[in-house]
Q: 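Take a look at this one; I'll ask things after.
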Amino acid sequence: MTTKQMPRLSTEPRQRIGTRYARRLREGGRLPAVIYGHGQDNLALTVDAEQFMEILHTHAHLVEIDVAGKAEPCLIKDVQWDHLGSQVLHIDLTRVDLTEEVEVDVALALVGEPKALQQAGAVLDHPLTALTILCRADSIPEKITVDIENLELGKSITVADITLPAGVKAVTDQEQLVAQISVVEETVEEPVAAEGAAAEPEVIGKAAATEEEGEAPAEEKK
Amino acid sequence: MPLMPKRVKFRKQQRGKVRGNAQRGNYVAFGEYGLQVLETGLLTARQIEAGRVAARQFVSREGKLYVRVFPDKPMSKKPLETRMGKGKAEPEYWAARVKPGAVLFEITGVPRNVAQEAFVRVAHKMPFRCRFIERRHA
């Protein structure tokens, strides 16, 4: 993403810190945020919630922050969500030089329709949905595409197999599994046993305790 | 066999209360779509199994289903027509403590509409209000 495409986010300084004031801000349509990094002082700010959500939906990593009339490029370092994952609670931004290398998580997009998937019970496993990469701040790719067109049954694609754009290095373990096609075997449904005394878990230390109990009375008598 | 721990430290537990919101296990971590709880309560091993069977039957052999909750709490129940007292009753069933935001089931490898329909069937088996959610991408 170039500097021209960088979305701009206007901010206001946050005067009061704490749960109560942060809650009031959110009720008023603003979000608490903090900027840190580059050895400078941390800045507590507020941003417009609607404007930030629009930026977040574009999967942008870099934003131009307007602090007291001065534009500063920042990286969206962390976004805190509420327990339902529907509202943003707080944003962490870090100061960034556009020429420096940064570590960011970028979404992995699987492209292609492998023939092996047409087999009955075949399932595409892709445990890794984002890749941690190291690249220049001004050239963070929007997503990394992985071609799975020729993926066969029983074979897998790892991080090492991904062709990354120039200047991008993968930080994620090279042997990490990205995609694999496996066949889900039909499981035979076990009949549910009648609930009762038979269906009870083992109690830790109970067997040992009963053994000790057998010896203990003899000691007491002494 | 219903879901239950293999080994426990104590056979019986005090009843306790389920308070607060889910601070972990509250996002889609393994699959592509999930079923999220919006209320607090206890989910019995039978209900979890009923949900699993409902989803599995709907998608048949397609996709991969993940169960994100485990019933680790023994629940005691006094037999019928028994007088009160005489100590705590025997464990009757196992339950999972569920808080708002917890993701109960996840599915991957099926189209969105199939996952949605499967989770509608699962939600009917659940004793709480639930909603369909998707994985949040980076």
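Proteins come first, then strands; the chains are lettered A, B, ... in the order of their sequence lines, and each starts at number 1.
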Q: Go through the atoms of K64(B) and report whether side chain, backbone, both or neither lie under 4.5 Å from a heavy atom of chain A.
A: both

Q: Among all residues two or more places apart in sequence or in another chain, which pass the salt bridge (charged side-chain N to carboxylate O under 4.0 Å, His left out) test with D161(A)?
A: none

Q: Tell me, side chain or backbone of V103(B) under 4.5 Å from chain A's heavy atoms, or both, or neither?
A: neither

Q: Among I133(B), N21(B), N26(B), who wins on heavy-atom pairs under 4.5 Å with chain A?
A: N21(B)

Q: How about E100(A) and H38(A): does a side-chain donor come under 3.5 Å of a side-chain acceptor?
A: yes

Q: Between V183(A) and chain B, which part of the residue has a heavy atom less than 4.5 Å away: side chain, backbone, both or neither?
A: side chain

Q: Please output the side-chain donor-acceptor pairs of residues 124-133 of chain A that fall under 3.5 Å, not counting sequence neighbours, one pair per line with the distance.
A:
{"residue": "T129(A)", "atom": "OG1", "partner": "R135(B)", "partner atom": "NH1", "Å": "3.0"}
{"residue": "T132(A)", "atom": "OG1", "partner": "D105(A)", "partner atom": "OD1", "Å": "2.8"}

Q: Kindly assign one of parallel, tilted or perpendicular to the pair F132(B) and F119(B), based on the angle between their ring planes and the thresholds 30° and 60°.
A: tilted

Q: Rounded to the nearest 0.5 Å, what separation is found between the CG atom of D97(A) and the CD atom of E72(A)?
A: 11.0 Å

Q: Can you establish whether the number of heavy atoms outside K88(B) located under 6.0 Å from its atom NZ is more than 12?
A: yes

Q: So do I91(A) and L31(A) actually touch side chain to side chain, heavy atoms under 4.5 Å?
A: yes

Q: Which one wins on heavy-atom pair count under 4.5 Å against chain B: E202(A), K143(A), H83(A)?
A: H83(A)

Q: Do any of residues 8-16 of chain B have a heavy atom less than 4.5 Å from a heavy atom of chain A, and if so, which, in residue order?
A: V8(B), K9(B), R11(B)

Q: For the residue pair F30(B) and Y66(B), categorise the inter-ring angle as parallel (less than 30°), tilted (30 to 60°) or perpendicular (more than 60°).
A: parallel

Q: Apply salt bridge (charged side-chain N to carboxylate O under 4.0 Å, His left out) to R136(B) and list each qualifying residue two or more places apart in sequence or on a separate chain.
A: none

Q: Would you mind checking which part of R24(B) comes under 4.5 Å of any heavy atom in chain A, side chain (CB onward), backbone (N, CA, C, O), both or neither?
A: neither

